[in-house]
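Below is one structure, written out as structure tokens; comments come after it.
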Amino acid sequence: MSLAATSKFESLQVKAQCCGATVSLQDLRYGWPIAFASYVLEAANPHTEGLGAQQLAQVASTLGCSIVEIKAHF
Ligand SMILES: [Zn+2]
């Protein structure tokens, strides 16, 4: 994480210390759901627990990029 931060996260590829494999920080399993992003969209007080697959696809299509839903509880 610190190494990726020095290049302002231009690349998320890192060498895993456990086996030397090249992996993406985005694909590692953390204690909580995480994502690396250039910006954040927030849906405050949604009426459902989260966005459905169709809504996620619509947002991704509108933005023209893939998105990751991270559920936050404040
Ligand atoms: Zn490993």
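Order of listing sets the numbers, starting from 1, for every ligand and every atom in it.
- The CD atom of Glu69 sits 11.5 Å away from the CG atom of Leu41 when rounded to the nearest 0.5 Å.
- Using a 4.5 Å heavy-atom cutoff, the side chains of Ile34 and Leu28 are not in contact.
- Among protein atoms, those of element N, O or S found less than 2.8 Å away from the Zn ion (ligand 1) are Cys18 SG, Cys19 SG.
- Shown here are the side chain to side chain contact (heavy atoms under 4.5 Å, CB included) partners of Ala21, two or more places apart in sequence or in another chain: Cys19, Val23.
- With sequence neighbours excluded, the residues satisfying side chain to side chain contact (heavy atoms under 4.5 Å, CB included) with Leu3 are Thr6.
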Between Leu56 and Ile67, is a side chain to side chain contact (heavy atoms under 4.5 Å, CB included) present by the stated rule, with each step listed? CA-CA 7 Å; Leu56 288 171; Ile67 61 171; 3.8 Å; yes
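- The side chain to side chain contact (heavy atoms under 4.5 Å, CB included) check on Gln26 picks up Leu12, Ser24, Ala35, Phe36, Val68, with sequence neighbours excluded.
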